[in-house]
Amino acid sequence: MKRVFSGIQPTGEPHLGNYLGAFRQWVEGQDQKENFFCIVDLHSLTAPYDPEGLRERTRKLAAVLFAVGISPEKSTLFIQSHVSAHAEACWLLNCITPIGWLQKMTQFKEKFTKQESVGMGLLDYPVLMACDILLYDADEVPVGDDQKQHVELARNIAGRFNHLYGDFFVPPEPVIPKIAARVMGLDDPATKMSKSAASIRGHAIGVLDDPKEIERSFKRAKTDLFNEIRFSDDQERAGVNNLLSIYQAITGKGREEVEADFANARGYGDLKMGVAEIVIEALRPIREESDKYLNDPVALDTMLAKGAEQAREVAMPKLREMQEKMGLLVGM
Ligand code: AQP
């Protein structure tokens with residue numbers, strides 16, 4: 001059975017991009033594969049944050065993931081910092097990863113210019129991500145388009161380790177959804193919908209937003225002056241393309257069928273309301289189910305503790321083997 005690893009940072013409110021680009025794939029693959037899903041709280045320390053808010057966001061994200069359909073019977077869902085092997089392995093892989101590989105990462109270059117003060121963690125982010133994946137011998141990593149480069153780097157780091165110390169790590173493959181691999185911001189269809197920008201009015205649709213908020217955000221969505229509802233790669237029509245892609249990802253319809261659904265629309269107002277409607281219906285059960293977990297934090301923490309225990313059973317022996325291969329005196 002193939003093994004899957006994927007993660008998400010508790011950096012803000014989970015949004016429609018996370019749902020379509022990641023969560024849905026995670027849930028759909030649960031029966032065919034062995035799954036490890038991780039709330040990567042250590043990664044989230046690489047951007048400015050407030051400690052109390054982080055704890056709250058971590059629990060909320062766990063509640064959303066269980067509500068979306070991650071089943072503790074089928075998958076292991078855990079919090080990264082609860083499994084110390086991740087941070088320990090990161091030091092080991094840091095020592096074999098050329099710094100030039102990290103400086104080339106697009107996400108590092110983008111975030112580097114936006115942050116006032118940049119910590120080492122931001123540069124090191126993909127090495128920690130490589131550890132997340134490699135400790136579990138994951139064959140597949142379902143991610144949105146933006147994380148593809150990091151998974152490819154994890155492959156390269158695995159290859160370098162195997163070359164230096166003998167065959168040991170499984171080179172992982174990124175698995176990118178065919179539709180909605182990159183949901184764009186509603187306010188600016190040139191940038192991807194992102195948690196850290198989610199506080200910007202009208203940028204993102206939060207998975208837990210109520211129907212009125214969802215409607216308001218779609219009403220404000222940026223479109224164009226062409227007044228033509230069709231898919232297009234033209235950058236000037238990116239807003240309408242984004243709305244249609246969201247509709248397509250949720251309904252599972254083909255492009256022609258989607259365009260036909262809006263053939264009688266009177267304008268972009270109808271398109272926006274049509275998309276809002278199906279998004280509201282898709283997210284409604286998640287919002288209702290999340291409340292159940294959020295209202296019982298003890299039960300939620302117990303589920304997460306069980307997940308961490310299962311993850312440790314896999315990650316700790318792998319770390320020990322890694323240490324041995326690298327010549328450390330293990331088990332004293
Ligand atoms: N806009 C998006 N469209 C499709 N997929 C997306 N993902 C993120 N944004 C989109 C996918 O969601 C998973 C979890 O993402 P992450 O928390 O690891 O970090 P990220 O990719 O950096 O996501 P954000 O929301 O933009 O967070 P911030 O603002 O904190 O950086 C990943 O599989 C990702 O591909």
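From a predicted model like this one, the values you see are computed outputs, not experimental measurements. As the structure lists them, so they are numbered: ligands from 1, and atoms in each ligand from 1. Just so it is clear, the values below take in all heavy atoms, side chains as well, and ignore hydrogens, waters and symmetry mates.
- Of the polar atoms of His15, at least one N or O is found under 3.5 Å from an N or O of ligand 1, judged by distance alone.
- Contact detail for Leu208 and Lys60: the closest heavy-atom pair is CD1-CE, 3.9 Å.
- Between Ala22 and ligand 1, a contact under 3.5 Å exists for no N or O pair.
- In Glu110, neither the side chain nor the backbone holds a heavy atom less than 4.0 Å from any atom of ligand 1.
- Under a 4.0 angstrom heavy-atom cut-off, Met184 registers as lying outside contact with ligand 1.
- Below 3.5 Å of separation, one finds no N or O of Val143 facing any N or O of ligand 1.
- Ligand 1 has a nitrogen or oxygen under 3.5 angstrom from a nitrogen or oxygen of Met193.
- Against a heavy-atom cut-off of under 4.0 Å, Ser194 is close to the following atoms of ligand 1: 25 (O), 26 (O), 28 (P), 29 (O).
- In summary, Arg55 and Glu52 engage in a salt bridge, as defined by a charged side-chain N under 4.0 Å from a carboxylate O.
- Taking the six-membered ring for Trp and the full ring otherwise, Phe108 and Tyr125 have centroids separated by 6.0 Å or more.
- Ligand 1 has no atom lying under 4.0 Å from any heavy atom of Leu20.
- In terms of polar-atom proximity, defined here as any N/O pair under 3.5 Å, Lys192 does make such a contact with ligand 1.
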